[in-house]
Number of protein chains: 2
Amino acid sequence: MPNEKNLPACPVETPLMLIGDKWKVLILRDLMPGTKRFGELKKSIGNVSQKVLTAQLRDMEEKGLVNRKVYAEVPPRVEYSLTELGKSLKPILDAMWNWGEEYKAQNV
Amino acid sequence: MPNEKNLPACPVETPLMLIGDKWKVLILRDLMPGTKRFGELKKSIGNVSQKVLTAQLRDMEEKGLVNRKVYAEVPPRVEYSLTELGKSLKPILDAMWNWGEEYKAQNV
DNA sequence: CAGGATCCAAATGGATACTG
DNA sequence: CAGTATCCATTTGGATCCTG
């Protein structure tokens, strides 16, 4: 995640650096209610290849948005959840959600 | 722009279809205060190639987010501004801005 | 089940040259 | 000035196979 050294000039760009990516917003949305397994996440997002979803999750983990918990079981179980930083992005998702609802209401 | 036929299931995805792209958010941000010429926009965004910026603007125009006005002058002048639909996305930008500010405040 | 490794097709993006 | 056209390097993404 960006620190004081490499924060962008405009605050709008900070969330873009972290979730400026279609899949990441959807991951965030689907983890907002709580923990999900990899397979659940893949299904709930729909149309992501495993490779891409894995890469995005690794990236978000690295940026401190997502927790990854591996259970030493057979078959393996991996659960993903949001960190506090990840959860803190909720107002942005809410704004998007509200806009989408408003748009739908005006285009039915 | 999406109509009632092809709206995504989740409202969060509607704005993503329109501005789910780093450059588009920045274009939106820079046009929010008012009209700008192509060159101004290019400079204020920084690090976009002309080709990409043009393509993004065309796309946003097609989606009804941006107005394009060409003046029959020499040298030519082209001004871009937001439509009402484009302006209506402001709450999303505000949410991003607020988050960026908050983040900065906690990481200085 | 979750994902690493590979291979390959397609999309994206930059640089450059040219034009009304 | 604001593009369009072209060429090319890089990135991205899907499909597939394999494994603890």
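Side chains included, hydrogens not; waters and symmetry mates left out as well; all remaining heavy atoms used. In the text below, chain A, chain B and the rest are named by the order of the sequence lines, each starting its count at 1.
To the nearest angstrom, P of D/dC1 lies 15 Å from OH of B/Y80. In this entry the distance linking CG of B/L53 with P of D/dA2 reads 10 Å, nearest Å. As rounded to whole Å, 9 Å separates atom P of D/dG13 from atom CH2 of A/W23. As rounded to whole Å, 10 Å separates atom P of C/dG14 from atom CD of B/Q56. Going from atom CG of A/D21 over to atom C1' of D/dG13 covers 12 Å, rounded to whole Å. One interatomic measurement links the two molecules: NZ of A/K22 to P of D/dT12, which rounds to 16 Å at whole-angstrom precision. Rounded to whole Å, the distance from CG on B/N47 to P on C/dG14 is 8 Å. For the pair B/R77 CZ and D/dA2 P, the interatomic distance rounds to 9 Å; values are reported in whole Å.
Here B/Y71 lies out of heavy-atom contact (under 4.0 Å) with every strand.
Nearest to the side-chain atoms of A/K51 among the listed nucleotides D/dT4, D/dG14, C/dC1 stands D/dG14. Out of C/dG4, D/dA2, D/dG14, the shortest distance to the side chain of A/V52 is found at D/dG14. Residue B/P76 places its side chain closer to D/dA2 than to any other of D/dA2, D/dC7, C/dA2.
A/R58 has a side-chain polar atom (N or O) that falls below the 4.0 Å cut-off from OP1 or OP2 of C/dG4.
Each of A/P75 and A/S49 has a nearest nucleotide on DNA chain D; the 5'-most of these lies closest to A/S49.
Using a 4.5 Å heavy-atom threshold, the side chains of A/L65 and A/L82 count as separate. Looking only at side-chain heavy atoms (C-beta outward), B/M17 and A/K22 stay at 4.5 Å or farther from each other.
Look at B/E40 and B/R37 and you find no salt bridge, because none of the NZ, NE, NH1 or NH2 atoms lies under 4.0 Å from a carboxylate O.
Applying the side-chain contact (heavy atoms from CB on, under 4.5 Å) criterion to A/V70, with sequence neighbours excluded, gives A/R68, A/V78. Partners of A/W99 according to the side chain to side chain donor-acceptor pair (under 3.5 Å) rule, which considers only residues two or more places apart in sequence or in another chain, are B/S88.
A heavy atom lying under 4.0 Å from DNA chain D marks the following residues of residues 35-45 of chain B, by number: B/R37, B/F38, B/G39.
Side chain to side chain, B/D30 and B/S44 meet the donor-acceptor criterion of an N or O pair below 3.5 Å.
Nearest heavy-atom pair, B/M96 versus A/V12, reported as atom, atom and distance to 0.1 Å: CE-O, 3.7 Å.
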